[in-house]
Every structure is written in C-alpha cells, then in structure tokens.
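These notes are about the structure you will find just below.
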Number of protein chains: 2
Amino acid sequence: MNIKEVARLAKVSTATVSRTINGSEKVTAETAERVRQAIETLKFYPNTNARALGSGRSSLYGLIISDITNPFFPELVKSFEDVAVQFGQEVLIANTNYDPHRMEVCVTRMLQRKVDGVAIMTSEMDEHLIDEMSSRRIPLVFLDTGTPQKGISNIAIDYASGIDAAVEHLSSLGHTAIGFISGPMDLTSARVRRRAFTNSIKRKGLKLDRNMIEEGNHRMDGGHEAMARLLDKEVRPTAVLTSNDMTAIGAMGAIFERGLKVPHDISLIGFDDIELSAFTQPGLTTVRLSRQEIAKIAFRALYDVKENASAKGAEFTIQPTLIERKSTGPVAARRGGKHPV
Amino acid sequence: MNIKEVARLAKVSTATVSRTINGSEKVTAETAERVRQAIETLKFYPNTNARALGSGRSSLYGLIISDITNPFFPELVKSFEDVAVQFGQEVLIANTNYDPHRMEVCVTRMLQRKVDGVAIMTSEMDEHLIDEMSSRRIPLVFLDTGTPQKGISNIAIDYASGIDAAVEHLSSLGHTAIGFISGPMDLTSARVRRRAFTNSIKRKGLKLDRNMIEEGNHRMDGGHEAMARLLDKEVRPTAVLTSNDMTAIGAMGAIFERGLKVPHDISLIGFDDIELSAFTQPGLTTVRLSRQEIAKIAFRALYDVKENASAKGAEFTIQPTLIERKSTGPVAARRGGKHPV
DNA sequence: ATCCAATATGGAACCGATTTCATCGACAAG
DNA sequence: CTTGTCGATGAAATCGGTTCCATATTGGAT
C-alpha cells in the first residue's frame, strides 16, 4: 500500500501522486481527482518517515516539559498542539521529570527525529545540549531561561510585575509577615521566582525574613511539608506566596490539618493559575501565567524561524496577572490590628 | 552528518556502522570500538525516519487518550512511557478531546507514522477506524471497550466490584438515598460506569431513584453544575457517587457554596484516585483505578503481540479498590436516624 | 502555418538508514 | 599443502516518499 500502487491505479507517475498529496499547483483538477479517488479506494496513508526523509522536513515540533503530572504542563501541551495543528504541524512531547539525565534523552530524541524546532519549557537545560541542537540549526525557544541568540528565541516572564501585584495585594490587606514556599532550588525557574519574591519584598519596604522561606518541590506533597514547617515556627507568617499552584494546594491541606482556616488565619497566593485553582476550597488567589499565550508565542517563534530563514531569534515578554479569589483576606484582628475581619 | 561519514571516518562500510549501532553480534570488538569513536567524534545521531523506513519497525507506540487535561491521563501517560522506555521504545501521544472527529485525526497520525502498536485509552472509537488499523495488522489494546479479537487485546475494568465496594461502604454508614453524577452519556465508558452504579444499587436492594442521577462531563465544571442541580431538588441524596474524581472535586465546590459540609451533610465518592484526591479538603474517598497497572499491561500486551507474531490478543481484568478518606461519613442525625454523628 | 512560452507530467536521482548476499581471510581438518 | 568452514566485512538493493530535470502538449502570438 504505497505511492506506487496509487500511481498505477490512477495511471499517473508517483511524482504526480506526490504533487497531489502535497497540494502542488501543477496538477490538473481532473488528474488530481483521479489520484484522490485512487487514494480513497486503496485507503492509502503516506508514510511519514519516507516523507520526512525525502523532503528534509519532518513537520514535527518538539515540546520539552518537566512534569506532565503538573497540570500546568498538560494545559500548555494542549494549547501548543492546538496551534501546531492549525499550521498543519505535529508535536512530539518529551518530559524530563525534572531530571537532567532524562533531559539528555529528550534532546537525543529530538535530534534523531529531525524535528523542525524545539520548545524548551523547562529549565534543567545543559549548555552543551543547547549547542548540540543550535549547531544543527534547529530553531529553539526557551521559556524564561536562556540567552536569546541567533535562531534562539526566549519568552521572558515578567515575574517582577506579577509578584509585585501579589505582594501589593497582601500588603494592602495589612500583611507584613509574608512567607514564601519556593520550588526546588536546583531549578533555575524556581530560583528566578524566589528572587522575584525577595526583590519585591524589599521594594515594598517590608522586612525580609529568611526564616519564612521554605523549599518545596513544585508538587503538592512538597507544598504540604513546607507549609507544615512554616507553621511549626515560633513566628508564623500571616500570608504565604508559593512558587506554583500545586505547591499552594498542598500547603492549603497542611493549614487545614492544623485546624486553621484560609484566609482567616493565613492568606495564600499561588502562581500559574491552573484550572484547578478555581475549584479549590476556598478558591485560590493566584498569579496567572497564560498557557495559551506562552504556547502560541512559542510555536510561532519556532515556525517563523523555520519557514523564514531570515527570521532570527526574538525576545518576548509575558505579563502575569493577579487573579483574586478567596484564599486571601485581611490579616486577622489581633491585639487591635487595624484590619479587623 | 550521516552514516556514510561515520563509515568513512571509521574506515568501514555503512553496513558495519549500522550493525554496531544496533548491537549486532557480527562485529569485532575492535571494529565496534573504532565505529563508536567515530560516532562520538562526529556527534552522529542516526536518523529515526530513515531507520524506520529501512527496517520496517518504527519503535514507536501510540497512546490515544481523551483529555490530557484530566489528571488521570497524564499519570497514565507517564507510566506508559516509563514502561516503553524500559523496552527501548518511544511513545506517540495523541488526544481526542472527547471529539470523534479528532479521533480520526489521531488514527491517521498513527497510520502515517507506522506505529508498532496503539493503546486506545478512550472510548469514542469508531468501528471503521479500528478496522483501518487492525486490517494493517497493527497490534491494538483497548481500555475497557472493544471486543477482544485476533491481535486486539482488551483491558476490562471490574466496575462491579469497585462500585459495589463503594455502595457497600455508604450503605454501611446508613446511606440509602445515594445519588450519582455520570460522565457524558455519549461516551461508552461513562455509560458503563453508570450502568455499574445502577446495577450495584439494585443488587444491594436499595431503591434506584432516577431523579438522583445527573449527567456531568468528566470535568470539574460539569461536576459542579450537576451537583448544583442535585442540591436544588426537593429530595436530596445523602451521598453521591461520581463517575470520576474530577467530577467529584467540582461537585465538592458546589456543596461548599451552599454552606453545606462534606461529609457531614453529603458524603462523596469519586472514581480513579488521581493524585489530587489525597489533597482535597476533606480528602476524597474514591475507587482507585491503578494507572501503573493499566499502563504496564497495555504496553506489554502490544509489545508481546508485536514481537511475538504468535501472541494473539488477550483479555485482562483490572480490579479497582476502594480508598477510604474523609469525604464519606455516617448519614447525619435527622429525626433520630440510627447513625448519629 | 510556424514558433515560442507556459504548463502538466513522467523518469530518475536522492534522502539515510537496514539487510541480503557475496566475498575475503583465517584457521582447522585431512 | 590443500580444502572446507566459519566469521567478519563490504557492495548494493531496498524502504517510500520528494524533487530536479527533461519532455510532451497546448494555446497564443506573429
């Protein structure tokens, strides 16, 4: 069941069949119709491997993520695929499980499959792996890491503005003792978010208490444990920011377990705004990072560079926005605090 | 950067390079070493497309799911990939978004990429699409649908035992008015789960009230709305089973919004046991459907049929198990009910 | 009527691997 | 010393498409 059989049935050459399939203009409507009939009759599906081999383009775009189990990523994957499909391209998903070794495996896969571009939405990226890809002139786009270079695009996230808004929100509710649960500190993205937090606290003129910063793992269990540690301290924060929503959701559980209430006893703010965050109890106030936007920009960045040899790597910036729900409230009235419930 | 250049550098033929890469025994240790050196030096990555074309095996296994946004599936994907990697195979993920049309696109992808097998973990499957694949002798495995035929395996889920356990659990807590929120009724899997529920209720000798069955969409918003409808009725159930955990989580929100409490006012049981269900507040009692087990069986079923032309399609059965958490409790004391809090 | 340009189509090389089959050399047996 | 056997290697066909280049055909201009 290959192109030759189709050609024979339609009484044309394989070249003409190929042209018909690819919508080349140089085929008579009549001939094209005959070919289409033959394809239909034989239930012919062109072999993607042969196609890629012959044409040099795989129509495949790689998407490397850290953890498919974190809802942030499936939502990103979905959006990325949606855009890719619009352009008639396919997506190859690879996840690293936050493991630098697996990252190498992922890159190898991309190289072997001859993808037309790679979106790297994770930060455990090794310099030499980047070289491996960029030296082969594969368009790349990073999420919030990486230096924009020739053929390499970068999507920066304006953490400062997002986290400033969160801190401002808490501050306006009377909170001064604000804690933070970070992601795993060996991840660049986690470090960047944490730095944005400390900077923001300083900018607001609040006191930065290192005792109120704990490390999580970007998953629920890590958030749970980190919050437990925070609650065990002598001086508790009245509000806590987290490095992502999963962490916040885990943290929320730890708070309830102590018989405390959100936001009455502790206000909580997440980061990402995954779909789930609208359904927690209470709804999670968070800083939204639009997956649709990231996915769209990422794909377009790759596609443009690929199709348009002239296009060079570009720099984009995403603005996160504060989404106020029910997990934040005025600091509880204590000793005549000025923000009674 | 192809096999020829490697051959030239190592001063051997391309055949020998190919043999070395594939670990064929007929290569002297010395020669193999020289080839490996050359590969290393040139940073050569064999072209998967050419490889698949030449050998007739793609080492790719397809995994078709309904909704990557439902945490059940990412967990399944992860497990499936883990097993595949152990066997040196790759995974091609495709999701249908519950849309039969997209399903056709997914199958086309599989056919074009010449996958070595397809795991169909979704039920919006058209008979003719199955034929399309099975007539090409592609090993298939279905999750809980499909008739086991030659080369087609099926993983059945013993809903009866899982849902019986759930109903028994509620019954022993004194519940008699048990509601159900189903998945979208155009999905086979949703219908099967609903039927398991009604059967179970009948077997327990409880009264089946069609008024207490509402339709959701297997997502949080659907669960939320369905529960809202249930709560608006004159006679409310004291306990509700849902078709999956996402539905239960959405439902929980609707309950809280009315100022009611779980499990005090309403007991809630989910289905799947996604990771999240241990972190809801209160923890969700649910019926666990092991993704690891499903993924492992699914991949092995495909791999065995592929590698072992003799192996025919097989039938497997998965036993779900009840996980008791905090979302179920005795029916609230009313008019001297016999199960006071 | 003649010639040219434009257009549709076919032939064949090519993409980069795998794999069959032939060959070569070495070593053991006679 | 010759011959048979076996193991390592290479040459070339092959997989199923794409695409360059050549050719045939058509219609319009002169």
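Here is how names work: the chains are called A, B, and so on, in the same order as the sequence lines, proteins then strands, and each is numbered from 1. For the numbers below, each heavy atom of this structure counts, side chains included, while hydrogens, waters and symmetry mates do not.
Nearest to the side chain of A/Ser55, among D/dT18, C/dT9, C/dG16, sits D/dT18. Here D/dA11 is the nucleotide among D/dT9, C/dG16, D/dA11 with the atom lying nearest to any side-chain atom of B/Ala15. The side chain of B/Lys26 lies closest to D/dA8, out of C/dT19, C/dG10, D/dA8. Taking the side chain of A/Asn47 as heavy atoms from C-beta on, and the options C/dA17, C/dT9, D/dG16, the nearest nucleotide is D/dG16. Checking C/dA12, C/dG10, D/dT9 against every side-chain atom of A/Thr14, the shortest atom distance belongs to C/dA12.
Rounding to whole angstrom units, OH of residue A/Tyr45 and P of D/dG17 are separated by 14 Å. One atom, CZ of B/Arg34, and another, C1' of D/dA8, lie 12 Å apart when rounded to the nearest Å. For the pair A/Glu30 CD and C/dT7 C1', the interatomic distance rounds to 15 Å; values are reported in whole Å. To the nearest angstrom, C1' of C/dG16 lies 19 Å from CZ of B/Arg57. Rounded to whole Å, the distance from CD1 on B/Ile3 to C1' on D/dA13 is 15 Å. The distance from atom NZ of B/Lys11 to atom P of D/dA8 is 22 Å, rounded to the nearest whole Å. Put simply, CG on B/Leu111 is 14 Å from P on D/dG16, counting in whole angstrom units. Put simply, CD1 on A/Ile21 is 11 Å from C1' on D/dG16, counting in whole angstrom units.
Relative ring orientation between A/Phe299 and A/Phe80 is described as perpendicular, the plane-to-plane angle rising above 60° on a 0-90° scale split at 30° and 60°.
Between A/Thr28 and C/dT9, a side-chain N or O to OP1/OP2 separation shorter than 4.0 Å is present. Distances shown here put a side-chain N or O of B/Asn22 below 4.0 Å from the OP1 or OP2 atom of C/dT18.
Rounding to the nearest 0.5 Å places CG of B/Asn49 at 8.0 Å from CG of A/Leu60. A/Ile68 CD1 to A/Asn95 CG: the interatomic distance, rounded to the nearest 0.5 Å, is 5.5 Å.
A donor-acceptor contact under 3.5 Å is formed by the side chain of B/Arg19 with the base of C/dT20.
At the heavy-atom level, B/Thr48 lies nowhere under 4.0 Å from the strands shown. Within the 4.0 angstrom heavy-atom criterion, no nucleotide atom of any strand lies near A/Val17. The residue A/Val12 sits close only to the backbone: its heavy atoms come under 4.0 Å of sugar-phosphate atoms, none of a base. Residue-level contact check: A/Asn49 touches neither bases nor backbone, having no heavy atom under 4.0 Å from any strand. The residue A/Lys114 sits apart from the nucleic acid: no heavy atom pair falls under 4.0 Å. Within 4.0 Å (heavy atoms only), A/Ser18 reaches at least one base atom of the nucleic acid.
Between B/Ser13 and A/Leu53, the one whose closest nucleotide on DNA chain D sits nearer the 5' end is B/Ser13.
A/Thr122 places none of its side-chain heavy atoms less than 4.5 Å from the side chain of A/Ile65.
Contact check on A/Asp82 versus B/Arg102 returns a salt bridge, with a Lys/Arg side-chain nitrogen under 4.0 Å from an Asp/Glu carboxylate oxygen.
Using a 3.5 Å distance cut-off with no hydrogens or angles, the side chains of A/His101 and A/Asp99 do not pair a donor with an acceptor.
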